[in-house]
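Right, one structure below, let's go through it.
To find a chain, count down the sequence lines: A is the first, B the second, and so on, and within it residues start at 1.
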Protein chains: 2
Amino acid sequence: MFKKKIIIIEDQEDLRYSFELIINGSDQFFVHQTYPDAEEAIKEISKTKPDIAMVDLELPGMNGIEAIRQIKEKSPKTECVIVTVYEDSNLVFEGLKAGAGGYIIKNANYLEIIRALEEISKGGAPMSSQIARMVIQNFHVNPNSPLSPRETDVLKLIAEGKSYTQISEELFISKETARSHIKNIYVKLNVNSKSEAISKARKDHLI
Amino acid sequence: MFKKKIIIIEDQEDLRYSFELIINGSDQFFVHQTYPDAEEAIKEISKTKPDIAMVDLELPGMNGIEAIRQIKEKSPKTECVIVTVYEDSNLVFEGLKAGAGGYIIKNANYLEIIRALEEISKGGAPMSSQIARMVIQNFHVNPNSPLSPRETDVLKLIAEGKSYTQISEELFISKETARSHIKNIYVKLNVNSKSEAISKARKDHLI
DNA sequence: TTAATATCACGCAGAATGAGGGATATAGAA
DNA sequence: TTCTATATCCCTCATTCTGCGTGATATTAA
């Protein structure tokens, strides 16, 4: 079994060093390179192609979110792990959206760090249950929707790019009824086109 | 501090009983009612309005996914916890999408059960890192997209319901260029309308 | 030096859109 | 009981949008 190649992007020297020590002390991982900022790491990422990149979110210059985005773009197979002090912030969530596979808090101990890396390696996603909740909340629907059930049905089809005609066919109603629902949706959401309706619906998790 | 009201929907009598014992033994939760199937529980849910509903996924009659959907519809504040034997199945994932806030595996011990309920109570989402990964994968973009970056930009706007004209305006290109990109997208995705493109894009996480 | 990307152009027939004006029936709330 | 919300259906109008066909050019990456 080969050891997994890891890079560390972290501006605090002490942390960089202690992470390196911990990881190199394990028999499953080794640190290929450490960087105090993201720019240099990203420049080399196509060559280094590490298995895992540990990325601090608070970096000088390019921030960690953008760094993760670019790493995933240039080396999609590299798993990114967020390293952060803020355990339950929106930043972590943004990082996950940008492509990170999990996160480690900065004051994690030896065991926690290695276990997080192991989980990432075998396809898991280490994260606290608070973050997990934020994540799943993202595809829960808003129970306080102003729309009626039927209007919600229609809106879903609008969001799929369906035309009036297609909506009427799929819901077994006349085209006029579909248009009527859509007009009511526009009034309720205070918009006046399909695209605006979709943006608003997504923003408010109406669908 | 009031104890949180819990209902249990579980067809296996022994499990129902042991969950009840464990929960009633805690000082934070109490079991209001247990049900061997979802139908009865849902009929009463508007009246019982429990803080937490523990829902088995494999139920006779209505399955757990549908049960969760209906519970969240009729009593949105009730937190649903999936109870399952299959730790890492797609079913759990579907349950989370339907509105569950986390899950408990059936052979969890006393401590694990109480801890999961506590996490749910304080807004967390108990789940294994494998499930967490499935969940976050859902808003990661597919790195093997056949589309070029520009085409992806265009597709995103299509998915927002934007017209050719609007797309051209937002991307500062001519309408003809937008149409050109869209035509190329259709060829690559093997579709021939915006709505088909959107479905395919969502299915394959292209956007 | 090909292939892919990104940009731009024109014409056409038919469909879709948003805005305006209506109607009817049911069910539930005030 | 009257009002409101919901869900269904109908018509017209001017404008825009769509998909298809058939091109072109410049840059860049393999």
Among N24(B), I52(B), D51(B), side-chain contact (heavy atoms from CB on, under 4.5 Å) partner for I6(B): I52(B)
Under-4.0 Å salt bridge between E79(A) and R133(B): yes
Enclosure of K156(A) NZ (heavy-atom neighbours >12, cutoff 6.0 Å): no
Sugar-phosphate only, base, or nothing, as touched by N184(A) at under 4.0 Å among non-hydrogen atoms: nothing
Euclidean distance, atom NZ of residue K194(A) to atom P of dA15(C) [Å, nearest integer]: 15 Å
Pair K106(A) + D56(A): basic N to acidic O under 4.0 Å: yes
Donor-acceptor pair present, S148(A) side chain and dT6(D) base, under 3.5 Å: no
Closest-nucleotide ordering on DNA chain D, the 5'-leading residue of V191(B) and R150(A): R150(A)
Heavy-atom side-chain contact between P126(A) and I120(A) under 4.5 Å: yes
For the student: nearest non-hydrogen atoms of V81(A) and Y103(A), plus distance: CG1-CA, 3.9 Å
Sugar-phosphate, base or nothing in reach of S193(A), heavy atoms under 4.0 Å: sugar-phosphate
Distance in angstrom units between L189(B) CG and dG19(D) C1', rounded: 16 Å
Short side-chain N/O contact to dG23(D) OP1/OP2 from K183(B), under 4.0 Å: no
For T34(A), the option from E13(A), E20(A), M54(A), E10(A) that meets side-chain contact (heavy atoms from CB on, under 4.5 Å): E20(A)
Separation of I8(B) CD1 from Q33(B) CD (nearest 0.5 Å): 10.0 Å
Interatomic distance, E151(A) CD vs dA7(D) C1' [rounded to whole Å]: 9 Å
Phosphate OP1/OP2 of dT7(C): any H181(B) side-chain N/O under 4.0 Å: yes
Selection: residues 166-179 of chain A, any non-hydrogen atom under 4.0 Å of DNA chain D: I173(A), S174(A), E176(A), T177(A), R179(A)
Check ion pair K43(A)-E40(A) (N to O, under 4.0 angstrom): yes
Integer-rounded Å distance: dG18(C) P and I182(A) CD1: 8 Å
Separation of dA7(D) P from I185(A) CD1 (nearest whole Å): 10 Å
Those residues of residues 158-165 of chain A lying under 4.0 Å from DNA chain D by at least one heavy atom: none
